[in-house]
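Data block below; observations after.
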Number of protein chains: 2
Amino acid sequence: MASDTKKLILDVAERLFADRGFSATSLRELTSEAGTNVASVNYHFGSKEALLAAVLERRLRPINERRLDILDKLEHTAGEHPLNLEDVLRAFLTPPFHKRREWGEGGRNFMRLMGRIHSETNKEFRASFIRQFDTVFRRFIVALRRSLPHLDDADVSWRMLFLVGSMAFTMTWAESMPLVDREASRDPEELLESLVQFGAAGMAATTRAPVAVGKENVRG
Amino acid sequence: MASDTKKLILDVAERLFADRGFSATSLRELTSEAGTNVASVNYHFGSKEALLAAVLERRLRPINERRLDILDKLEHTAGEHPLNLEDVLRAFLTPPFHKRREWGEGGRNFMRLMGRIHSETNKEFRASFIRQFDTVFRRFIVALRRSLPHLDDADVSWRMLFLVGSMAFTMTWAESMPLVDREASRDPEELLESLVQFGAAGMAATTRAPVAVGKENVRG
DNA sequence: GTCTATATGCGGATAGAC
DNA sequence: GTCTATCCGCATATAGAC
């Protein structure tokens, strides 16, 4: 059947792009592992770069839809009130973690690929890639600003980037991180919760009082 | 002079690897831009991959030396007392930010490259790359654990990774981030301070009390 | 140390039979 | 939809003159 080949190519591409990187993966080894031929990639996707776009699109769309879905529900329930900060962060962070689990090996490959995608492509491609997040990002900034009235737009945006960085790094490195391999391996659900706590505290931090906050917590 | 060519190759490689990625950069365009020839890379560095290692080594060594230097001084001053949390984070975060500025365009290129390095190389290379951070990472984990007695080793390690992720992401995307391009562009020094505050609050967050912390700060 | 020229192989894309 | 065969160019690496 036609769609079987297409799906197979997507799966193998996802894994190889994650393992070796986009440029370093050849269509030859890709199609060889998928049990098909180079021409089929061009038939189904048009080009190698279009294949990458399809790989990303397949996973990103449901993740971002789910994020907005949860945020919608939170806002509907809260009415005019600001949302709880941790709830908003969970709306953002839970979908990738859950989908990752739901998708099994493909999900893990995709997440590794995500953390790497900005390195592997030209500017135009990256721009089109980032555009997929535009709506999501803006919606969450608005929600976060209402929950964090002491911060301005720039503060919230940057902190949101910090959080995305933490998430991306965790997703990418969590599976093969020599630095914390001793007793630190951790259930993904626990990791998600750690990230929510870390992110919520970081997001809520007061600006312009660099020393005071830390000191009390630290001594003793 | 010999070392001029070598330095020139390093500079151009740093920029192109950061722009296009390692695999996508050919020695041909690299040496062409450097005004030399393919053979000179192999003469000076041995191979393309060894050139990448040299590019990283040149910047990483002084950054990590500086980190440990600052941490040494903090620990010497504090004696037996735990260190101030924000001080520890600054010891870790300040060197890359300051070196980045000090090194000008090369520094900016290097930082972009850093965020991308795990995507562009094979496992063996990554392993040798990560080993450069081993000492630094362990030293900071020890210092942080003493400053954060309510956390166990795994908590501290993961939160340190979260912080590294935030830093790497910020370094990589800060220069061309369409998501926050409106009024959010920010002085690097300010960004460093934002990151310290975000990180300190995140690091100090209490474990296992998911809702309580956020809610008070959020409502109203 | 630096270069030109070359060895040798793999890259993406496509034409055209089935 | 799928395949083989092929086009054409670029890749890294190196030999050897200067």
Side-chain angles (χ1 to χ4, degrees), chain A residues 1-58 113 116-117 119-126 128-129, chain B residues 1-56 58 113 116-117 119-126 128:
Chain A
M1 196 200 290
S3 56
D4 269 1
T5 298
K6 203 167 171 178
K7 181 180 179 308
L8 193 53
I9 292 174
L10 285 172
D11 291 340
V12 175
E14 188 167 61
R15 174 164 53 82
L16 291 184
F17 290 166
D19 279 348
R20 302 166 172 45
F22 176 71
S23 307
T25 302
S26 73
L27 291 183
R28 278 176 169 75
E29 65 181 327
L30 197 163
T31 51
S32 161
E33 287 207 30
T36 177
N37 56 82
V38 206
S40 68
V41 168
N42 284 286
Y43 174 78
H44 284 291
F45 300 96
S47 73
K48 188 190 180 188
E49 196 173 79
L51 168 61
L52 173 60
V55 166
L56 298 175
E57 164 92 6
R58 174 172 70 151
L113 175 58
R116 311 176 168 195
I117 201 55
S119 61
E120 291 280 1
T121 48
N122 57 47
K123 262 184 196 152
E124 299 76 44
F125 187 90
R126 284 204 297 278
S128 79
F129 169 71
Chain B
M1 198 200 289
S3 57
D4 269 1
T5 297
K6 203 167 171 178
K7 180 180 180 309
L8 193 54
I9 292 174
L10 285 172
D11 290 341
V12 175
E14 189 168 61
R15 174 164 53 81
L16 291 183
F17 290 166
D19 280 349
R20 303 165 172 42
F22 175 71
S23 307
T25 302
S26 72
L27 291 182
R28 276 177 169 71
E29 64 181 328
L30 196 162
T31 50
S32 161
E33 287 209 30
T36 175
N37 56 82
V38 204
S40 68
V41 167
N42 285 286
Y43 174 78
H44 285 291
F45 300 97
S47 74
K48 189 190 179 187
E49 195 174 80
L51 167 61
L52 174 60
V55 166
L56 298 175
R58 175 174 67 151
L113 176 58
R116 310 175 168 195
I117 202 56
S119 61
E120 291 281 359
T121 50
N122 57 47
K123 263 185 195 151
E124 299 75 44
F125 187 92
R126 285 204 295 279
S128 78

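Just so it is clear: chains get the letters A, B, ... in the order the sequence lines come, proteins before strands, and each one is counted from 1. Keep in mind that the numbers below use all heavy atoms, side chains included, and drop hydrogens, waters and symmetry copies. As the structure is a prediction and not an experimental result, all values here were calculated from the model.
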Treating B/Ser40 as the side-chain partner and B/Thr36 as the backbone partner, does any N or O pair qualify as donor plus acceptor under 3.5 Å? no
Can A/Lys6 be said to sit on top of A/Phe45's aromatic six-ring, NZ or CZ under 6.0 Å from centre and within 45° of the ring axis? yes
With sugar-phosphate taken as primed atoms, P, OP1 and OP2 and all else as base, the protein-contact string of nucleotides 13-18 of chain D at under 4.0 Å (heavy atoms; B, S, -) is SBB---
Could you pull out the closest heavy-atom pair between B/Ser47 and B/Ala50, with the gap in Å? OG-N, 3.1 Å
Considering every strand and a 4.0 Å limit on heavy-atom distances, what is the contact class for B/Thr25: base, sugar-phosphate, or nothing? sugar-phosphate
Please compare B/Tyr43 and A/Glu29 by the position of their nearest nucleotide in DNA chain C and report the one closer to 5'. B/Tyr43
Check whether any side-chain N or O of A/Thr25 sits under 3.5 Å from a backbone N or O of A/Leu16 as a donor-acceptor pair, and report yes or no. yes
So which heavy atom on A/Ala34 is nearest to which on A/Val12, and how close? CB-CG2, 3.9 Å
What is the distance from CG of B/Leu30 to P of D/dA11, rounded to the nearest Å? 11 Å
Is A/Ser26 close enough to C/dG11 that one of its side-chain N or O atoms is under 4.0 Å from OP1 or OP2 there? yes
Does a nitrogen or oxygen in the side chain of B/Thr5 sit under 4.0 Å from OP1 or OP2 of C/dG1? no
Write down the distance between CZ (B/Phe45) and C1' (C/dG1), rounded to a whole number of angstrom. 13 Å
By the definition side-chain contact (heavy atoms from CB on, under 4.5 Å), identify the one residue from A/Asn42, A/Leu27, A/Val41 that meets it with A/Lys48. A/Leu27
What's the CZ-P distance between A/Arg20 and C/dC10, to the nearest Å? 15 Å
Specify the separation, in whole Å, of atom CG of A/Leu8 and atom C1' of D/dG1. 14 Å
Just how far, in rounded Å, is C1' of C/dG1 from NZ of B/Lys6? 12 Å
